[in-house]
Undergrad: 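Handing you this structure, nothing more for now.
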Amino acid sequence: MKNNMNSTMNSAMSQPQLTASRLELADTCPGSQAHKHVQTTGEAAERGTAVHEYIAALLQKEECLLPSDHEAAAVCRKLDPRKIMDTSRPNVYSTLYTELGLYLSPASLAGVPGEAGLLEGEHHRDYSGAPEGSIPGTADVVAVEDTRVVVTDWKTGRGEVPHPADNHQLRFLGLAAARAFSRDEAVIQIGRIGTDGSVDLHAHTLEREDLEAADRELARIAGRVEKARQGEPVYREGSHCKHCLALPHCPAIAGAAQAIMDGPPEELTDRRAARMWEQLQAVEAAAKKTRQALQDYVYAREVSTTEGKVLKVVETRRENIDSAKAYAILLEHLPEETMAQVVTVTKTSLSSGLGKDGQADVIAAFREAGAISETYSESLREVKGG
């Protein structure tokens with residue numbers, strides 16, 4: 001009995017905290033919330049955090065120091081402060097909060113629909129102070145008006161993001177903010193920031209009945225997660241696996257890998273094909289994480305394999321041609337009838353159209369005009385040793 005009790009306690013301790021950012025995954029795959037999560041970070045995430053911190057300082061009218069990351073700094077430098085402020089605070093008389101920690105206890109867990117509040121702490125991502133059974137989250141910006149709240153989520157990456165109306169995390173933040181400040185309406189919006197500093201805004205309004213529906217939706221998701229943690233996990237493999245922090249501990253991945261190894265059935269149907277696609281994406285996501293772990297390990301060393309080969313992290317340089325700038329330069333080197341047939345500008349097409357010597361002259365002109373940029377990437381390779 002004692003061993004069983006210890007096992008149950010260890011399992012409970014290893015279960016992750018259900019937060020606003022994990023609601024989308026929890027709804028798709030409740031079983032993902034029944035296993036220990038392995039926290040990871042990457043350059044893109046760190047760059048996004050740097051831009052968010054800059055925006056928060058901008059909105060609070062504090063000293064705005066450009067991020068040390070040059071790409072994040074390039075984005076921040078192009079931001080229009082007035083545009084950021086007008087988007088985050090539609091009403092100049094509203095009270096503005098940035099990086100606001102919130103919590104909400106769904107009706108199914110607390111017995112009181114929409115019980116919510118503000119989280120206090122030195123670090124806005126520290127959810128240790130959230131009441132037991134509640135779901136915490138952080139809003140980039142919350143503007144509190146007389147009858148409503150306006151919640152803004154700033155996005156800097158290129159990844160696909162659900163529209164606010166279908167965004168679990170943003171619906172949660174709108175509901176939590178409305179309940180915390182006793183408002184009957186929430187405007188939830190996503191401001192996507194381009195590399196040129198532009199802002200593309202998408203907004204959705206949650207009225208009283210919409211907030212009640214969001215509360216019921218939250219209770220449903222929380223209920224499914226609770227069942228998964230009590231020993232009835234439901235798994236669903238797919239493209240979302242690449243974002244799952246429980247991937248190293250997921251038992252469904254082993255089944256998906258075995259299904260891939262078994263090969264396709266003799267007779268495929270639309271349903272079987274869709275299922276195979278989900279399994280394939282899950283296995284590829286696991287393989288990508290394994291490759292990244294290996295790459296991190298051998299980054300500063302060479303690992304010997306078989307037949308005298310070694311694993312190395314190899315840097316690759318790639319030159320990218322700005323078609324708009326290049327096209328104007330090509331007009332000086334090619335006749336108009338030839339230019340009319342040019343669709344894309346690549347080194348291969350230049351070589352076939354101009355010859356080796358002509359290509360070299362044009363490439364030199366491209367460089368002088370700033371029409372060529374360089375990008376570097378790293379990859380794990382098995383190469384000859386020595």
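Computed over heavy atoms, backbone and side chain alike; hydrogens, waters and symmetry mates excluded. For the single chain, residues carry numbers from 1 onward in sequence order.
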Undergrad: Can you confirm whether N167 sits close enough to H204 that some side-chain heavy atom of one is under 4.5 Å from a side-chain heavy atom of the other?
TA: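 No, their side chains stay 4.5 Å or more apart.
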Undergrad: Are V283 and L25 connected into the same hydrophobic cluster when the rule is that any two of I, L, V, M, F, W, Y join if their side-chain heavy atoms are below 4.5 Å apart?
TA: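 The answer is no; the residues belong to distinct hydrophobic clusters.
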Undergrad: For M85, what are the other residues in its hydrophobic cluster, where any two members join if their side-chain heavy atoms are less than 4.5 angstrom apart?
TA: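 In the cluster with M85 are V51, Y54, I55, L58, L59, L66, V75, L79, I84, L96, V141, W154, I193, V199.
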Undergrad: How about E368: does its CD atom have over 12 heavy atoms from other parts shown lying under 6.0 Å from it?
TA: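 Incorrect, the count does not exceed 12.
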Undergrad: For the residue pair Y97 and F181, does the interplanar ring angle fall in the parallel (under 30°), tilted (30 to 60°) or perpendicular (over 60°) class?
TA: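 Y97 vs F181 ring planes: tilted.
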Undergrad: Just verifying a value: how many Å separate Q169 CD and L23 CG, rounded to the nearest 0.5 Å?
TA: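 Q169 atom CD to L23 atom CG measures 7.5 Å (nearest 0.5 Å).
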Undergrad: Rounded to the nearest 0.5 Å, what's the gap from SG on C241 to CD on E284? Could you check?
TA: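 CD of E284 is found 11.0 Å from SG of C241.
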Undergrad: Measuring from I190:CD1 to L201:CG, what's the distance to the nearest 0.5 Å?
TA: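 Taking CD1 in I190 and CG in L201, the distance rounds to 9.5 Å.
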Undergrad: In the structure I gave you, are the side-chain heavy atoms of H168 and E217 within less than 4.5 Å of one another anywhere?
TA: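 Yes, side chains in contact.
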Undergrad: Who else is in the cluster with M276 when I, L, V, M, F, W and Y are joined by side-chain contacts under 4.5 Å?
TA: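 So far as hydrophobic clustering goes, M276 is joined with L268.
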Undergrad: Between E145 and R183, is there a side-chain heavy-atom distance shorter than 4.5 Å?
TA: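 No, too far: nothing below the 4.5 Å cut-off.
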Undergrad: Name the one of P251, C250, P16 that satisfies side chain to side chain contact (heavy atoms under 4.5 Å, CB included) with H35?
TA: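 Single pass found, and it is P251.
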Undergrad: Are there over 12 heavy-atom neighbours, none belonging to D200, within less than 6.0 Å of that residue's CG?
TA: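 Result for CG/D200: enclosed.
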Undergrad: To the nearest 0.5 Å, what is the distance between CG on L175 and CG on L104?
TA: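 With rounding to 0.5 Å, CG (L175) is 5.0 Å from CG (L104).
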Undergrad: Using the rule that two of Ile, Leu, Val, Met, Phe, Trp, Tyr join whenever any of their side-chain heavy atoms come within less than 4.5 Å, decide whether V303 and L294 are in one cluster.
TA: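 Shared cluster, yes.
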Undergrad: More than 12 foreign heavy atoms under 6.0 Å from CZ of R301: is that the case here?
TA: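 More than 12 within 6.0 Å, yes.
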Undergrad: Would D27 and R220 count as a salt bridge (charged side-chain N to carboxylate O under 4.0 Å, His left out) here? Give the steps.
TA: CA-CA 9 Å; D27 189 31; R220 177 184 61 79; 3.0 Å; yes
Undergrad: To the closest 0.5 Å, what do you measure between CZ (F172) and OG1 (T19)?
TA: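 Here the rounded value is 8.5 Å.
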Undergrad: Check whether any side-chain heavy atom of I135 sits under 4.5 Å from a side-chain heavy atom of R22, and report yes or no.
TA: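 Result no, sub-4.5 Å side-chain heavy-atom pair not found.
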Undergrad: Around atom CD of E132, are there more than 12 heavy atoms from other residues, nucleotides or ligands closer than 6.0 Å?
TA: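 Open.
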Undergrad: Within the structure provided, determine whether L118 and L102 are in side-chain contact (heavy-atom separation under 4.5 Å).
TA: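 L118 reaches L102 side chain to side chain.
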Undergrad: Can you tell if the side chain of C29 reaches within under 4.5 Å of the side chain of H240, non-hydrogen atoms only?
TA: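 Yes; the side chains approach each other to less than 4.5 Å.
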Undergrad: Same cluster or not: Y235 versus I221, using hydrophobic residues (I, L, V, M, F, W, Y) connected whenever any side-chain heavy atoms lie under 4.5 Å apart?
TA: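 No, no single cluster joins them.
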Undergrad: Applying the side chain to side chain contact (heavy atoms under 4.5 Å, CB included) criterion to R381, which one of T316, V310, L311, V313 satisfies it?
TA: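 When side chain to side chain contact (heavy atoms under 4.5 Å, CB included) is applied between R381 and each of T316, V310, L311, V313, only T316 qualifies.
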Undergrad: State, with a plain yes or no, whether a side-chain heavy atom of Q189 is found less than 4.5 Å away from one of T87.
TA: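 Counting from C-beta outward, Q189 and T87 do come under 4.5 Å.
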Undergrad: Carefully, step by step, assess D196 and K78 under the rule salt bridge (charged side-chain N to carboxylate O under 4.0 Å, His left out).
TA: CA-CA 6 Å; D196 59 352; K78 297 175 183 177; over 6 Å; no
Undergrad: Does CG belonging to D262 count more than 12 external heavy atoms closer than 6.0 Å?
TA: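 Buried by this count: over 12 neighbours within 6.0 Å.
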Undergrad: NE2 of H202 to NE2 of H163: how many Å apart, nearest 0.5 Å?
TA: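 If we round to the nearest 0.5 Å, H202:NE2 and H163:NE2 are 6.5 Å apart.
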Undergrad: Pair E226, R229 - check salt bridge (charged side-chain N to carboxylate O under 4.0 Å, His left out), show working.
TA: CA-CA 5 Å; E226 185 63 23; R229 292 177 173 176; 5.2 Å; no
Undergrad: Hydrophobic clusters join Ile, Leu, Val, Met, Phe, Trp and Tyr when side-chain heavy atoms are under 4.5 Å apart, directly or via other members; which others share one with V150?
TA: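 Once heavy-atom contacts under 4.5 Å are chained together, V150 belongs with V187.
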Undergrad: Find out whether P67 and E53 are in side-chain contact, i.e. whether some heavy atom of one side chain is under 4.5 Å from a heavy atom of the other.
TA: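 Not touching, per the 4.5 Å side-chain cut-off.
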